Amino acid sequence: MSKPLTVTLPDGSRRSLPPGSSAMDLAATLGRRLAADAVAAAVDGQLVDLSRPLPDGATVAIVTADSDEGRAVLRHSTAHVLAQAVCALWPGARYALGPAIADGFYYDFELPDGARFSDDDLVRIEAEMRRIIAEDQPFTREELDPEQARALFADQPYKREVIDAVTAGDPSAPPEAAADAQAGERLSVYRNGSAFVDLCRGPHVPSTGRLGHFALQRVAGAYWRGDEHRPQLQRVYGTAWESAEALQAHLDRLAEAERRDHRRLGQELDLFSFPAEVGPGLVLFHPRGGTVRRLMEEDARRTHERAGYHMVYSPHVTKQDLFARSGHLETFAESMYPPMELDEGQRYYLKPMNCPFHILVYRSRQRSYRELPLRLFELGTVYRYEKSGVVHGLTRVRGMTQDDAHVFCTREQMAGELEGILRLALGTLRDYGLADFYVELSTRPEGKALGTDQEWEEATAALAAAASAVGLETVLDEGGGAFYGPKVSVQVRDAIGRHWQVSTVQLDFQLPRRFELEYVGPDNARHRPVMIHRALFGSVERFLGILLEHTAGHLPTWLAPVQAAVLPVRDDHQGYAERVHSTLAGAGIRVELDPATEPLGARIRRRRLERVPYVLVVGQQDQEAGTVGVNRRGVEQPERDVPLDRLLDELVEEGLR
RNA sequence: GCCUGGGUAGCUCAGCCGGUAGAGCAGCGCACUCGUAAUGCGCAGGUCAGGGGUUCGAGUCCCCUCCCAGGCUCCA
């Protein structure tokens, strides 16, 4: 008779169990519900199968499917079932890696004879997976030494490569599916059903019957181990959840993101388009989108002038020498449009950045310390030759306009300038209705960075200080800085929880040196200024895209291309409608009139779908009383008999800047 | 750049085994004059992304190019 074993639960209490008890046994003593929801256990912080015998004295937490860890186990187990199904349907298929990822899982395959998956195949695979799940096959763990594992996976070259990498202690071994083994140690495999076995660290759910709330989503090509020189495999993506409700909620979130897609809204609201005739990543702004953009740009100019910036302009093309001197041709050439040959071999480039021009403005004459900080601002249109596979709507384009500025200052002024810029950025973002931010601090990149360690440290510290001064949560992005300096960026969380990089602030000691910038100090000696690159929107186009997705097209009233529509109930109210229209238009409101050529309900519907903030209905009573019926965006019930003066005040207050 | 899947009317999409193009919405015309999310009838609208090939015949099959989507790689 061996002694009972004792384990500690997460709340600090202890339990005694018969010797050899597993986590599943423990869960059963804690409650039937818990046992039913359990998918794995955390033993001393290590995730293991529920069936694993518990060591005496361990701290044990039961992991349920509705936790992040539990969902990861669920998803990984579902990925195994996916591979099992594919192997059943395509005998001879090779399977590579199949980890859990955010919201789901994937598995990479190489099918016999170069076969490929189609959408119909997804349906077949899913049916086979449901069959496997219905059989409630147990997942069983086995441990093998490397030689046994190689023999077991003799026909699976990708698995053998993983075994070799893991047993060799290769640090580049794929962590997502690697067996948790050191060189020379045993490897674990998991079996379920009679035919399927996969190299895997685990843990897994006890049996396939625990799975089922999943959906296969799409197929995609993916390079083996992310290397574009290696074979490209067929990847199947899916999502899996702990319950039908959680799965449905996720699918609803995806549908909501689809409805908010700025490319779709851009078309529906007639804001912009990307005609094939123009080229990928190149935007055409229509009148309404043009209005929004004009308002954003006017607002940006006003804000920057108030903050002590000077407006400058620079050309779209320039000679090669300028970008050679700035270093862009060395470090950025891949993203530049090819040059034009002009004037007996002189090469001109489309500009991918504005900074060299602003530097030349600075350098156009001698500068005194009394002029610093000198802040030069430009809505600068730049062109970048983004790879064809990466352009995406307004958020990744080949031609864009940055709200770009360069601040030239002394080292002493640097900290104050950085903090001021961050405050300006946050104020601007709040004006657009964005409220949930954090700051990301990007440090020195590997390899390609210019400058001394000491400069990088000083610059990074200055940025960190500014970030903490504005009181925002800061996340470190190791090695994410530009080649010429570290970066602080403001990340925005949008209405459906995604985050986007918007404002960026970069410190630069390099360009002032390359261009030999100077100012004359109070000591009458020449000094080198520091340069700060910064953009608040990032690019106007991209920011508009983010804003459209965040607001689902309900731009703040001050940005709405049409702020109000006036709808006469019948033809004989047309005269009064025209007076309402001209009153609002005269006050600077963007207002349109919809004559009574179709039923009122149809006109209201159209304007609501257009997201017009104020839909104004005027009829007999209004005409007699000098009032309007007001439909406010987002409000179901209209408000009747609103005096025109009162409405005008409201519109001016909300709609004008 | 790579992989896969796409491109049919302004938009969303149907179009079977190759037999010569269809719907809804939008547009235009006429009628309707209406108090809160789609009035009715009619008309027009197409180089089926572009080019080449196979075929008696191609939206449909094959090849090339362009563009789009989702991934992969990249993202100063």
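All values reported here derive from a predicted model rather than from experimental measurement. In what follows, chains carry the letters A, B, and so on, assigned in the order in which the sequence lines appear, proteins first and then strands, with residues in each chain numbered from 1. Computed over heavy atoms, backbone and side chain alike; hydrogens, waters and symmetry mates excluded.
Taking the C1' atoms as reference points, B:rU54 lies 23 Å from B:rA21, given to the whole Å. Remark: the separation of the P atoms in B:rA69 and B:rC13 is 14 Å, to the nearest Å. Between the P atoms of B:rU60 and B:rG18, the separation comes to 11 Å (whole Å). Across the P atoms, B:rG10 and B:rC75 are found 40 Å apart, a figure rounded to whole Å. Taking atom P on both nucleotides, B:rA44 is separated from B:rG29 by 15 Å, rounded to a whole Å.
A salt bridge links A:D453 and A:R444; the closest N-O separation between the charged side-chain nitrogens and carboxylate oxygens is under 4.0 Å. Using a 4.0 Å cut-off between a side-chain N of Lys or Arg and a carboxylate O of Asp or Glu, A:E256 and A:R253 do not qualify as a salt bridge. Salt-bridge annotation for A:D321 and A:K319: absent, with no side-chain N of the basic residue lying under 4.0 Å from a carboxylate O of the acidic one.
Nucleotide B:rG6 holds its P atom 12 Å from the CG atom of A:L122, rounded to whole Å. A:F274 has its CZ atom 20 Å from the P atom of B:rG10, to the nearest Å. If you take CG of A:L284 and P of B:rC68, they are 14 Å apart, rounded to a whole angstrom. Going from atom CD of A:Q501 over to atom P of B:rC75 covers 13 Å, rounded to whole Å. Counting to the nearest Å, the P atom of B:rC72 and the NE2 atom of A:H392 are 14 Å from each other. Rounded to an integer number of Å, the gap from A:E386 CD to B:rC67 P is 15 Å. To the nearest angstrom, P of B:rA69 lies 15 Å from CZ of A:R264. Atom CD of A:Q234 and atom C1' of B:rC2 are 13 Å apart (whole Å).
With A:Y383 as the aromatic partner, A:R398 does not meet the cation-pi criteria of under 6.0 angstrom to the ring centre and within 45 degrees of the ring axis. Both the sub-6.0 Å distance and the 45° axial angle are not jointly satisfied by A:R75 relative to the ring of A:F105.
Each of A:R542, A:E386, A:H262 was compared with A:H392 under the side chain to side chain contact (heavy atoms under 4.5 Å, CB included) criterion, and only A:H262 meets it.
Look at B:rC66: its glycosidic torsion is beyond 90° from 0, and that puts it in the anti range.
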>> Applying side chain to side chain donor-acceptor pair (under 3.5 Å) to A:W500 and A:D494, what does each step give before you reach the verdict?
In response: CA-CA 8 Å; A:W500 306 86; A:D494 76 8; 3.1 Å; yes
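Between B:rC75, B:rA37, B:rC67, one nucleotide has an atom nearer to the side chain of A:R396 than all others, and that is B:rC75. Among B:rG1, B:rG35, B:rG71, the nucleotide with an atom closest to any side-chain atom of A:A220 is B:rG71. Each of B:rA37, B:rG35, B:rG71 was ranked by its minimum atom distance to the side chain of A:V617; first place goes to B:rG35.
Partner assigned to B:rG42 is B:rC28, using Watson-Crick or G-U wobble distances below 3.5 angstrom. Across all strands shown, the partner of B:rC67 is B:rG6, judged by Watson-Crick or G-U wobble contacts whose two distances both fall under 3.5 Å. B:rU54 is unpaired under the criterion used here, namely a Watson-Crick or G-U wobble arrangement in which both key atom distances are under 3.5 Å. When both pairing distances are held under 3.5 Å, B:rC72 makes a Watson-Crick or G-U pair with B:rG1. Of all nucleotides present, none satisfies the Watson-Crick or G-U wobble test against B:rG18 with each distance under 3.5 Å. Base pairing analysis places B:rG59 opposite nothing; no Watson-Crick or G-U wobble pair with both distances below 3.5 Å involves it. Pairing partner, B:rU12: B:rA23, with both Watson-Crick or wobble hydrogen-bond distances short of 3.5 Å.
Within a heavy-atom distance below 4.0 Å of RNA chain B, the residues of residues 627-636 of chain A found are A:G629, A:N631.
Defined by atom type and a distance below 3.5 Å, a donor-acceptor pair is missing between the side-chain atoms of A:H358 and A:S314.
The aromatic rings of A:H406 and A:F408 sit tilted, their planes meeting at an angle between 30° and 60°.
Scored by the side-chain hydrogen bond (donor to acceptor under 3.5 Å, both in side chains) test, A:R94 finds A:E110 as partners (sequence neighbours excluded). Partners of A:V397 by side-chain contact (heavy atoms from CB on, under 4.5 Å), not counting sequence neighbours, listed by chain and number: A:V283, A:M400. In this structure A:E654 satisfies the side-chain hydrogen bond (donor to acceptor under 3.5 Å, both in side chains) test together with A:T557, A:Y614, sequence neighbours excluded.
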Filtered N/O pairs between nucleotides 27-34 of chain B and protein, under 3.5 Å:
unit_1	atom_1	unit_2	atom_2	d
B:rU33	O2	A:D571	N	3.1
B:rU33	N3	A:D571	OD1	3.3
B:rU33	N3	A:D571	OD2	2.9
B:rU33	N3	A:A596	O	3.2
B:rU33	O4	A:D571	OD2	3.2
B:rC34	OP2	A:R570	NE	3.2
B:rC34	OP2	A:R570	NH1	3.4
B:rC34	N4	A:A596	O	3.3

With 3.5 Å as the limit, what N/O pairs link the protein to nucleotides 11-14 of chain B?
unit_1	atom_1	unit_2	atom_2	d
B:rC11	O3'	A:Q267	NE2	2.8

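For the OP1/OP2 pair of B:rA69 and a distance below 4.0 Å, the side-chain nitrogens and oxygens of A:R263 include at least one atom meeting the criterion. OP1 or OP2 of B:rC72 sits under 4.0 Å from a side-chain N or O of A:Y237.
At least one donor-acceptor pair closer than 3.5 Å links the side chain of A:D403 to the backbone N or O of A:G538.
Between A:G279 and A:E639, the residue whose closest nucleotide on RNA chain B is further toward the 5' end is A:E639.
The aromatic ring centroids of A:Y438 and A:H499 lie less than 6.0 Å from each other.
Side-chain atoms of A:R235 and base atoms of B:rC72 include no donor and acceptor less than 3.5 Å apart.
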